[in-house]
Amino acid sequence: MKIIEQVLRNFIDVPQNILEVTNHHIIEVDAFEPLNTSTNLVVGHVLTCVDHPNSDHLHLTTVDLGDRVEQIVCGAPNVAAGQYVVVAQVGSVLPGDFKIKATKVRGESSNGMICSLKELGIDDKHLPEDIRSGIFHFSSPKPVGSSGLEALYQDGFVMTLGLTPNRGDLLSHLGFALDVSAMTGLSVKEKIFKHQPSKLANPMEVSIETGGCGLYHAAYFSNIEIKPSPLWMQSALLASDIKPINNVVDISNYVLIEYGTPLHMFDAKKIASTKILVRDAKPNEIVKTLDEIDRTLEKDDVVITNGKQVIAIGGVMGSYDSMIDESTTEVVLEAAYFDPKRIQKTVKRLNLRSDSSLRFERGIDPKRVELGLNR
């Protein structure tokens, strides 16, 4: 489990001796390191941007860094006046021990570097094309001269816990915060999420016909727009070794690392039914999972169905045929509790482990199922 300082601060004030508290009183820490090793980054405001007089592809910019204005030569095709950007100042060190020095580029002085996310060691493949092909620029103004890492949600530490099978309660930031509270006396910031459902009736009907599922909620959402998640969410997921996919899927994974509540998103139109039936699998029943592999099931497996076809292996992985994609406009959100022993058997037999099954195998707090749903 990766504990990310920025996410943890949403639940508890982080003590300066958090590493010592964790190692000595909670659980062994396998790694403790900065989320991003880049140094001396600031938010800059591009005041001017003109073609370099001695180049057909470079640009000559002046950038306000808060306490001064610097000239910086930039080769990115998307740099423009008016942008708020991340600048590595002279003396900065970027991932890979890349040091920024004052230099001359084709006869013009350059004092710093306007950065792309890739140069900062950040995965940018889920961001818009203009960002991927050049420098990163914020979509709205940021305080000039402020910390570039903070603006990118890349400040603070990431701590890897050496989890043991009996500590499933630490597979969330809330669970970890509760232990920190017990050891330090600091208060956990309890959050209650209230939402106002539509006056339209939820079209989904849920039936449970197996002892392998104790709770099952199905919330229905319409008028959904699929797009990339905001940078702060992508940053937290990447730090947790979870690949960002789109806003809908990423939201479920973010709640997973916050509360330890596994959620699953179905494309409502692909379900092609208003019925959710949770039952035992039929012997030799086959489902293609999200990894595009056909899985042969047994009666001890718990399955989610649309009344007929399997749309997920309960607590383990959804089906490929019901996955969220760019055309999704209606979503069914699953929040459930599954029997740990049943999930353990399925995971072992199929050799199929997911972030959700990791938590269900160890047993999640049933009280957090609805908390995760409301979040």
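None of the values given here were measured: they were computed from a predicted structure. Positions are given from 1, in the same order as the sequence printed here.
Panel note: side chain Arg295, backbone Val287; no donor-acceptor pair is recorded below 3.5 Å. Remark: the backbone N or O of Thr184 is not paired with any side-chain donor or acceptor of His25 at under 3.5 angstrom. Although no hydrogens or angles enter the test, the distance criterion places a donor-acceptor pair under 3.5 Å between the side chain of Thr289 and the main chain of Ile293. A donor-acceptor distance shorter than 3.5 angstrom exists from the side chain of Ser92 to the backbone of Asn40, with no hydrogens or angles considered.
If you check the side chains of Thr62 and Thr48, you find a donor sitting under 3.5 Å from an acceptor. At a cut-off of 3.5 Å, with distance as the only test, a side-chain donor of Ser116 or Glu119 sits close to an acceptor on the other residue. With no hydrogens or angles considered, a side-chain donor-acceptor pair links Ser55 and His57 at under 3.5 Å. In the model, Arg349 has no side-chain atom that pairs as donor or acceptor with a side-chain atom of Gln344 under 3.5 Å. A donor-acceptor contact closer than 3.5 angstrom links the side chains of Arg368 and Ser172. The closest side-chain donor-acceptor pair between Thr160 and Asp30, if any, does not fall under 3.5 angstrom. Side-chain contact, Lys288 with Ser319: no donor N or O sits under 3.5 Å from an acceptor N or O. Judged purely by distance below 3.5 Å, without hydrogens or angles, the side chains of Asp155 and Gln6 pair a donor atom with an acceptor atom.
Counting only heavy atoms from C-beta outward, the side chains of Arg167 and Asp169 approach each other to under 4.5 Å. Two residues are said to be in side-chain contact when any heavy atoms from C-beta on lie closer than 4.5 Å; Val180 and Pro15 meet this criterion. Within the 4.5 Å cutoff, the side chain of Leu120 has heavy atoms near those of the Leu41 side chain. In this structure the side chain of Arg359 reaches within 4.5 angstrom of the side chain of Leu256, judged on heavy atoms. Annotation: side chain of Ile257 is in contact with side chain of His173 (closest heavy-atom distance under 4.5 Å). Side-chain contact between Phe176 and Ile26: present, with at least one pair of heavy atoms (C-beta onward) separated by less than 4.5 Å. Side-chain atoms of Leu152 and Phe138, non-hydrogen and from C-beta on, do get closer than 4.5 Å to each other. At a threshold of 4.5 Å between non-hydrogen side-chain atoms, the residues Lys275 and Asn306 do not count as touching.
Shown here are the side chain to side chain contact (heavy atoms under 4.5 Å, CB included) partners of Ser222, two or more places apart in sequence or in another chain: Tyr220, Glu330. Not counting sequence neighbours, the partners of Asp325 by the salt bridge (charged side-chain N to carboxylate O under 4.0 Å, His left out) test are Lys270.
Pairing each heavy atom of Cys49 with each of Ala81, the nearest pair is CB-N, 3.7 Å. When all heavy atoms of Thr274 and Pro203 are compared, the pair lying nearest together is CB-O, 3.3 Å.
Within a 6.0 Å radius of CG in Asp291, other residues, nucleotides and ligands contribute more than 12 heavy atoms. Under a cut-off of 6.0 angstrom, the local environment of CD in Gln71 is crowded, with over 12 non-hydrogen atoms contributed by other residues, nucleotides or ligands. For Lys101, the NZ atom is loosely surrounded, since the number of other residues' heavy atoms within 6.0 Å does not exceed 12. Residue Lys348 places its NZ atom among 12 or fewer non-hydrogen atoms of other residues, nucleotides or ligands, all under 6.0 Å distant.
The six-membered or imidazole ring of His264 lies near that of Phe266, with a centre-to-centre distance under 6.0 Å. Aromatic rings of Tyr254 and Tyr259 (six-membered ring for Trp) have centroids beyond the 6.0 Å cut-off, not under it.
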> Yes or no on side chain to side chain contact (heavy atoms under 4.5 Å, CB included) for Val63 and His45, after CA distance, side-chain angles and deciding distance?
Replying inline: CA-CA 5 Å; Val63 184; His45 184 208; 5.7 Å; no

>> With side chain to side chain contact (heavy atoms under 4.5 Å, CB included) as the criterion, how do Ser322 and Asp267 come out once you've worked through the C-alpha distance, each side chain's angles and the decisive distance to 0.1 Å?
In response: CA-CA 5 Å; Ser322 63; Asp267 185 310; 5.7 Å; no

> side chain to side chain contact (heavy atoms under 4.5 Å, CB included) between Thr329 and Lys269: does it pass, once the steps are laid out?
Replying inline: CA-CA 8 Å; Thr329 58; Lys269 290 182 179 178; 3.2 Å; yes

>> Walk me through whether Lys243 and Asp250 qualify under salt bridge (Lys or Arg N to Asp or Glu O under 4.0 Å).
In response: CA-CA 8 Å; Lys243 176 185 174 183; Asp250 293 354; over 6 Å; no

> Given the rule in the side chain to side chain contact (heavy atoms under 4.5 Å, CB included) test, do Thr39 and Thr37 qualify, once you have shown the distances and angles that lead to the verdict?
Replying inline: CA-CA 6 Å; Thr39 66; Thr37 60; over 6 Å; no

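Comment: Arg279 does not engage Glu209 in a salt bridge, judged by the lack of any side-chain N to carboxylate O separation of less than 4.0 angstrom. With respect to the salt-bridge test (charged N to carboxylate O, under 4.0 angstrom), the residues Lys299 and Asp301 do not qualify. For Lys104 and Glu108, the salt-bridge test fails: no basic side-chain N is under 4.0 Å from an acidic carboxylate O. Salt bridge status for Lys282 with Glu298: absent, with no side-chain N to carboxylate O gap under 4.0 Å.
Screening Asn247, Ile224, Val248 against Ile324 for a side chain to side chain contact (heavy atoms under 4.5 Å, CB included) leaves a single residue, Val248.
Both tests do not hold together for Lys142 against Tyr84: distance to the six-membered ring centre under 6.0 Å, angle to the ring axis within 45°.
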